[in-house]
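Excluded from the calculations below are hydrogen atoms, water molecules and symmetry mates; all remaining heavy atoms, backbone and side chain alike, are included. Just so you know, ligand 1 is whichever comes first in the structure, and atom 1 is the first atom listed for that ligand.
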Amino acid sequence: MKENNSMSQYLGYIRKENSLFIQQIKAYAKENHVPIIKDDMASLMTVLLQMAKPFRILEIGTAIGYSTILMMQALEEVVDISRVKVTTIERDDQMVNQARKNIHQSGYENQIHQIHGDATDVLQELCRKQEQYDFIFLDAAKGQYLTFLPDVLYLLKKQGTLVSDNVLQQGDVARSRFNVPRRRRTIHQRMRQYLWEINHHKQLSTTVLDIADGATISIKIQE
Ligand SMILES: C[S@@+](CC[C@H](N)C(=O)[O-])C[C@H]1O[C@@H](n2cnc3c(N)ncnc32)[C@H](O)[C@@H]1O
């Protein structure tokens, strides 16, 4: 998001290297134009997970499993990984298949439950089953975040963490709608509503960070 190249180069230089396997998935993503979390977001997620030590995680937007595996690797450094369960939702067939391969190779197959479907339906199903999560990572279609929010809040345990990625839309969100190209105005309006809602929701305490593509971290402070 920030256009401070020398700073981001420096921060990239001092950042700890990821495992070779994670680097390979990242290279595949780059080659095949799969959108995955940026390095600064990945390191934020690592620290957040290691602080929160969640055992039940929900990810909305698996893509090829990059962030899913990264979350497991982060947690393995601080908790008994056999106790961790990640449920991850993806609607795109090709992504689901590639994620399946990566997850199989990662060795975390027993801990990761992939659900192939549209999050709109899957979240409702999870609510019906009264599932509960300590940590929810929202990284799917930006225009749907607001629609997902009631279910996400229902599924999140009290004191649980909600992280959403891609919330600043390359800076669009701060611009007046008239300065945003017409084709991006609906998404612009929805993201503004989402950001307003999570910042003012009585169940949430939220901070918005201008890192990577923009991220929010919220804690569910009330049932
Ligand atoms: C930004 S990518 C996820 C990247 C992944 N979290 C990572 O960092 O490795 C977003 C993914 O969400 C999926 N997606 C978008 N809207 C969705 C929905 N309503 N239900 C399920 N998957 C969705 C897309 O197909 C895409 O693969």
Side-chain angles (χ1 to χ4, degrees), residues 1 15 18-19 21-49 54 57-75 84 86-106 108 111-127 131 133 135-152 155 161-170 172-173 184 186-187 190-191 194 209 211-217:
M1 191 33 234
R15 196 171 292 126
N18 286 318
S19 71
F21 183 53
I22 275 290
Q23 287 179 44
Q24 283 166 355
I25 307 178
K26 195 170 135 189
Y28 175 97
K30 194 170 176 197
E31 215 175 291
N32 294 279
H33 311 287
V34 178
I36 56 170
I37 52 168
K38 299 232 164 85
D39 291 346
D40 40 4
M41 185 62 190
S43 79
L44 174 70
M45 286 286 282
T46 298
V47 171
L48 277 178
L49 286 159
I57 300 171
L58 175 66
E59 176 180 57
I60 308 164
T62 321
I64 57 172
Y66 174 78
S67 52
T68 328
I69 295 166
L70 206 111
M71 289 197 277
M72 294 302 287
Q73 290 191 345
L75 282 170
V84 176
V86 179
T87 298
T88 182
I89 309 169
E90 174 57 57
R91 66 179 171 191
D92 181 276
D93 302 6
Q94 274 187 318
M95 297 283 185
V96 169
N97 290 334
Q98 189 57 39
R100 186 160 292 124
K101 287 183 200 156
N102 289 335
I103 288 167
H104 174 70
Q105 257 189 291
S106 74
Y108 297 122
Q111 273 74 48
I112 301 173
H113 175 46
Q114 279 185 264
I115 303 184
H116 185 181
D118 195 297
T120 317
D121 309 320
V122 177
L123 289 174
Q124 282 179 15
E125 186 55 27
L126 295 173
C127 288
E131 298 288 355
Y133 299 93
F135 193 101
I136 300 184
F137 179 41
L138 183 47
D139 191 20
K142 296 180 278 281
Q144 292 183 300
Y145 284 13
L146 190 63
T147 323
F148 294 156
L149 189 60
D151 289 341
V152 162
L155 294 166
T161 310
L162 165 65
V163 175
S164 15
D165 194 20
N166 292 324
V167 295
L168 298 182
Q169 308 172 311
Q170 286 92 42
D172 267 7
V173 87
R184 299 211 298 260
T186 307
I187 212 164
R190 287 193 186 152
M191 188 49 82
Y194 176 73
L209 301 176
I211 67 155
D213 298 316
T216 64
I217 307 170

Sorted by chain and number, sequence neighbours left out, salt bridge (Lys or Arg N to Asp or Glu O under 4.0 Å) with Arg184 holds for Asp172
Proximal atoms of ligand 1 relative to [X] (non-hydrogen, under 4.0 Å):
X: Tyr66; result: 9 (O)
X: Gln144; result: 16 (N), 18 (C), 19 (N)
X: Ile37; result: 7 (C), 8 (O)
X: Ala141; result: 15 (C), 16 (N)
X: Glu59; result: 6 (N)
X: Gly117; result: 20 (N), 21 (C)

Ranking Gly65, Pro35, Gly143 by closest non-hydrogen atom to atom 1 (C) of ligand 1, top hit is Pro35
Closest heavy-atom approach to atom 24 (C) of ligand 1 among Arg91, Glu90, Lys142, Gln94 is made by Glu90
message: Less than 4.0 Å is my threshold; does some heavy atom of Met41 fall inside it relative to ligand 1?
response: no
Worksheet item: Ignoring hydrogens and geometry, is there a side-chain-to-backbone donor-acceptor pair from Glu90 to Ala63 under 3.5 Å?
Response: yes
Can a donor-acceptor pair be found, under 3.5 Å and without considering hydrogens, that links the side chain of Tyr145 to the backbone of Asp165? yes
Any N or O of [X] closer than 3.5 Å to N or O of ligand 1:
X: Asp92; result: no
X: Phe148; result: no
X: Met95; result: no
X: Gly61; result: yes
X: Asp139; result: yes
X: Thr120; result: no

Any side-chain donor near an acceptor of the partner, [X] and [Y], under 3.5 Å:
X: Ser67; Y: Glu59; result: yes
X: His116; Y: Asp93; result: yes
X: Tyr194; Y: Ser164; result: yes

With Asp139 as partner, the option from Thr88, Thr62, Asn166 fulfilling side chain to side chain donor-acceptor pair (under 3.5 Å) is Asn166
heavy-atom search around atom 20 (N) of ligand 1 in the protein gives Ala119 N, 2.8 Å
Among non-hydrogen protein atoms, atom 9 (O) of ligand 1 lies closest to Ser67 N, 3.0 Å
Heavy-atom neighbours of Glu125 CD exceed 12 at 6.0 Å
yes
The answer for which part of Thr62 has a heavy atom under 4.0 Å from ligand 1 is backbone
*Salt-bridged, Lys26 to Asp39, with N to O below 4.0 Å?*
yes
So Ile69 and Phe21, do their side chains get closer than 4.5 Å, heavy atoms only? yes
Just wondering, do Asp40 and Arg15 contact through their side chains at under 4.5 Å, heavy atoms?
-> yes
